[in-house]
Amino acid sequence: MPVHQLSDLIRYVRHNSPFYADLYADLPPDVDCLTDLPVVGQSDFWAANTLQDNRVLTAPLEEASVFKTGGTTGAPKFSCYTREEWQEFVTAFGHGLLDAGLRPGHRVADLFYAGELYASFLFILDSLSHAPVSSVRLPIGGGAPLETTVPTLRDFAAQVVAGTPTTLCRLAEHLIADGEQLPSVELLFFGGEALFDDQRRLLARAFPNAEPRTLGYASVDAGLLGRPVPGADARTHRAFTPHTVVEILDDATDEPIREAGRPGRVVVTQLFRRLMPVIRYPAGDRAEWTDPEAGVFRILGRAEEGVRVGPVSLYSQDAQAAVTAADTDGRVVGMQLVVRRWDGRDGLVLRLAVSPDDPGSEDPAGLDTLAKSVMTELEEARPFYPDAVRTGFVHPLSVEWVRHRDLVVNPRSGKLVRVIDERPTA
């Protein structure tokens, strides 16, 4: 499948996609500059990209693979790829796996999730198959019982284990609880979520010889986004040129950011997809350029991964930073924000997980001290919250201690749900 010239792609979608024809209706007939095009509106895109009477697709749905996606709105939608587009997708991503550390002959266990139209398991398996080096692929899946996964990894002396950080951490917790380790594992390929320092500490205890590495940056709706950049910062990626154009746009003006170190939202254009065109599509993440000329950027987190508690906006990054600052002994191995409502007010609960081999996990006084330190750090970082407590708008912060296995995950993807809203909606 060729990578199309932008001008050719724009002409094609204006002619064949009713959605893009309407979106570009007021533009001159010969537009060939990306920044002359409007940014796609998420709600408008998915309102038009329906199973019936679809207005985004450029052709009838007669030859394609269909995958389910949450997009950046949380509600499952559907993304379509022709056979040629899918092969181009996994081939490009497979080449990026070399930057993640894949070497000839590596035995790689795929612990991503399969079924229910979910893409990640097949995507990683196909990317490994289309990588430019040989590998031994172990398609275990994220839904397999850990009691059978561990013997398989041991029997095959797996050198690479690939999965979401949540799946890898659950596997690590299972190993630690049984007093086991897997020293044969050299690399932990993670994707789909960020990997935090607390999770790295947990993984290090179960996989003493393994280095966590990002597989790359992609999503089933937005497509290719970034290939790994070797180095200490796993958040850093390089655009998949020439397949993809990545832009970072100013939050207020939507003007492209061209200098390093200035955060904005990620917008992507895929030059190899025509069936379901992706042109100036918001990827749902925030990032900043580290080397604009080379197309290298650092992912800063999900754009929408936050919650409003009464009058206060809080983000999972805020809470993660508070835990990192307070937890100097590295006891916390996972975190969720839980919002509840009682007695007519909202309240925020920090659900924190400790490792099963934490010698102080049965020490209520020690955990209480750590909880107070975390809450103090968060309140200092987000002073609007204690202000709202004092004025009676919200309940005080609280901490709920759990094991990593008790953290809520998406049942379809296995990803950690970082923000849980338990407030009644009726």
Review point. Once you round to the nearest 0.5 Å, how far does CD of E88 lie from CZ of F240?
Key: 11.5 Å
Check your understanding: Would you say D421's side chain and R423's backbone share a donor-acceptor pair under 3.5 angstrom?
Key -> yes
Review point. How long is the span from the CZ atom in R405 to the CD atom in E173, to the nearest 0.5 Å?
Key: 5.5 Å
Check your understanding: Measuring from D318:CG to E379:CD, what's the distance to the nearest 0.5 Å?
Key -> 13.0 Å
Exercise for review: Walk me through it: do D368 and K372 pass the test salt bridge (charged side-chain N to carboxylate O under 4.0 Å, His left out)?
Suggested key: CA-CA 6 Å; D368 184 58; K372 290 177 180 177; 3.3 Å; yes
Point to revise | Polar side-chain atom of Y113 near backbone of Y118 as donor-acceptor pair, under 3.5 Å | key: no
Review point. Is there a donor in the side chain of E186 and an acceptor in the side chain of H106, or the other way round, less than 3.5 Å apart?
Key: yes
Exercise for review: List in chain and number order the residues that pass side chain to side chain donor-acceptor pair (under 3.5 Å) with H95, two or more places apart in sequence or in another chain; answer none if no residue qualifies.
Suggested key: none
Exercise for review: Verify salt bridge (charged side-chain N to carboxylate O under 4.0 Å, His left out) between E116 and K68, making sure each step is shown before the conclusion.
Suggested key: CA-CA 8 Å; E116 300 184 49; K68 188 181 292 185; 5.0 Å; no
Exercise for review: For S184 and Q159, indicate whether the former's side chain and the latter's backbone hold a donor-acceptor pair under 3.5 Å.
Suggested key: no
Exercise for review: Please determine which of R238, R227, R213 meets the salt bridge (Lys or Arg N to Asp or Glu O under 4.0 Å) test together with D99.
Suggested key: R227
Practice item. Look only at the side chain of S134 and the backbone of P104, and say whether a donor-acceptor pair between them is shorter than 3.5 Å. Key: no
Review point. Taking the side chain from Y81 and the backbone from Q87, do they hold a donor-acceptor pair closer than 3.5 Å?
Key: no
**Study point:** From OG1 (T269) to CG (L9), nearest 0.5 Å
**Key:** 8.5 Å
Point to revise | Donor-acceptor pair, side chain of E377 and main chain of A321, under 3.5 angstrom | key: no
**Study point:** Atom pair CD1 (I279) and CG (L23), whose distance is rounded to the nearest 0.5 Å
**Key:** 9.0 Å
Practice item. Would you please indicate yes or no on a ring centroid separation below 6.0 angstrom for F123 and F89? Key: yes
Practice item. Would you check, one step at a time, whether the test side-chain hydrogen bond (donor to acceptor under 3.5 Å, both in side chains) holds for Y217 with D285? Key: CA-CA 11 Å; Y217 178 30; D285 293 305; 2.6 Å; yes
Practice item. Give the ring-plane orientation class for F297 versus W289, where under 30° counts as parallel, over 60° as perpendicular and anything between as tilted. Key: perpendicular
Exercise for review: To the nearest 0.5 Å, tell me how far F19 CZ sits from D44 CG.
Suggested key: 6.0 Å
